[in-house]
S.K.: 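I have a structure here, written as structure tokens, and I will follow up with some questions on it.
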Amino acid sequence: MKNRILTGIKPTGYAHIGNYLGAIKPAIELSNNEDFDCFYFIADYHALTTLSNRQEMIEYTYNIACTWLACGLDPNKVIFYKQSDIPEDFELNWILCNVTPKGLMNRAHAYKAFTERNEKEGLDKDNGVNMGLYNYPILMASDIILFGANYVPVGLDQKQHIEIARDIVNYFNNKYGNVFILPKEYIQEDTCTLVGLDGRKMSKSYGNTIQLFSTEDQLRKTINKIVTDSKMPGEPKNLDCTINKIYKLFATTEQSKDFDKKLLNGLSWGEAKKELFEVMNEYIKPMREKFNYYQNHKEEVDKILAEGAEKARKVAKEYLQKTRHAIGADL
Ligand code: TRP
């Protein structure tokens, strides 16, 4: 049997180059490997802990869908769908709630961080916490278990969620027999090293990201915001600078060597930014064209997601049926 790979992305903002290099690109490479069977989905119901606006939800959902397609996801190779189109997920979620100890949720990082912040500020521990946030890890376990996934590619910040999913599998299997497969996280370590505009890790929460698909003009403007030191034109630049780090991610080895030389020879920061724009834009341009195509042909995106959901539900129904059988709800 092929190994099954599954991962979800929340539609909570516009995709940035950190998402692309750290998650999307490697996931697409995995999907081109014949040994794997891939399920990639848009975790729109998980986004409800952050979003509460119809227009934003629609905008970000299409943004993520068009991004994956533009970056080369082939819907004939990957089962690509939207979480909210899979009702079986939410039925399984309820069943899983009944084998999940409340204490396990109390220890989940996101919830714990929230309550600790409240306590520090002298507020009630659960101030502003809704049950969506609290139960978030159980829905995530359900997303994974419903398709019998073996590996879940995620960033380091999601590792605990996969451990929780494994715990939930064990609780269920101990009660009802060996029904579910134990999933494993598949961590891409280098996800963590990508730097943002200010030199810190690139992250939506720091507001230091470079959006993957903006207009050329916006890309140029964003690159101009990269923080540099105050070295003058003519002075040698440190090769460890943010501009060079980002440059290397998009350049060929030859371009990289050449750029190193220029920096050491005193290329001005203004020129360096121009060259960074050129190399990034060249890389992104063909994908941007596809992205814009899908943004202007949303009916095609709808169709791809609907077909993906249909394929996904076939698998989901089998697993749910096994679960219903195990608990005695399949009369
Ligand atoms: N929680 C994940 C994130 O914030 C998104 C997600 C939801 C997910 N369900 C999933 C990832 C299932 C992997 C598998 O990035």
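Remember, predicted model here, so these are calculated numbers, not experimental data. Whatever order the structure lists ligands and atoms in, that order sets their numbers, starting from 1.
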S.K.: Of all the atoms in ligand 1, which lie at a distance below 4.0 Å from a heavy atom belonging to K10?
M.R.: 4 (O)
S.K.: Is it the case that ligand 1 has an N or O less than 3.5 angstrom from some N or O of Y136?
M.R.: yes
S.K.: List ligand 1 atoms under 4.0 Å from H46, heavy atoms only on the residue side.
M.R.: 7 (C), 9 (N)
S.K.: Is a side-chain donor-acceptor pair under 3.5 Å present for R220 with N281?
M.R.: no
S.K.: Once you measure the plane-to-plane angle for Y293 and H297, does it fall in the parallel (<30°), tilted (30-60°) or perpendicular (>60°) bin?
M.R.: parallel
S.K.: Check F41 against ligand 1 and report side chain, backbone, both or neither, counting heavy atoms closer than 4.0 Å.
M.R.: side chain
S.K.: Which residue and atom name correspond to the protein heavy atom nearest atom 5 (C) of ligand 1, and how close is it?
M.R.: G8 O, 3.6 Å
S.K.: Among V152, I181, V315, which residue meets the side-chain contact (heavy atoms from CB on, under 4.5 Å) test with R4?
M.R.: V315
S.K.: V152 heavy atoms, cut-off 4.0 Å: which ligand 1 atoms fall inside?
M.R.: 13 (C), 14 (C)
S.K.: Heavy-atom count check: over 12 atoms from other residues, nucleotides or ligands less than 6.0 Å from K311 NZ?
M.R.: yes
S.K.: Give the atom numbers and elements of ligand 1 that come within less than 4.0 Å of a heavy atom of A43.
M.R.: 7 (C)
S.K.: In the protein, which heavy atom is nearest to atom 2 (C) of ligand 1, and how far is it?
M.R.: Q158 OE1, 3.3 Å
S.K.: May I ask you to check if R117 and F114 form a cation-pi contact, with NZ or CZ under 6.0 angstrom from the six-membered ring centre and within 45° of the axis?
M.R.: yes
S.K.: For a quick check under 3.5 Å, do Y81 and E307 share a side-chain donor-acceptor pair by atom type?
M.R.: no
S.K.: Got F80 and D74 here, is their nearest side-chain heavy-atom distance under 4.5 Å?
M.R.: no
S.K.: Give the residue and atom name of whichever protein heavy atom lies nearest to atom 9 (N) of ligand 1, and the separation in Å to one decimal.
M.R.: D143 OD2, 2.7 Å
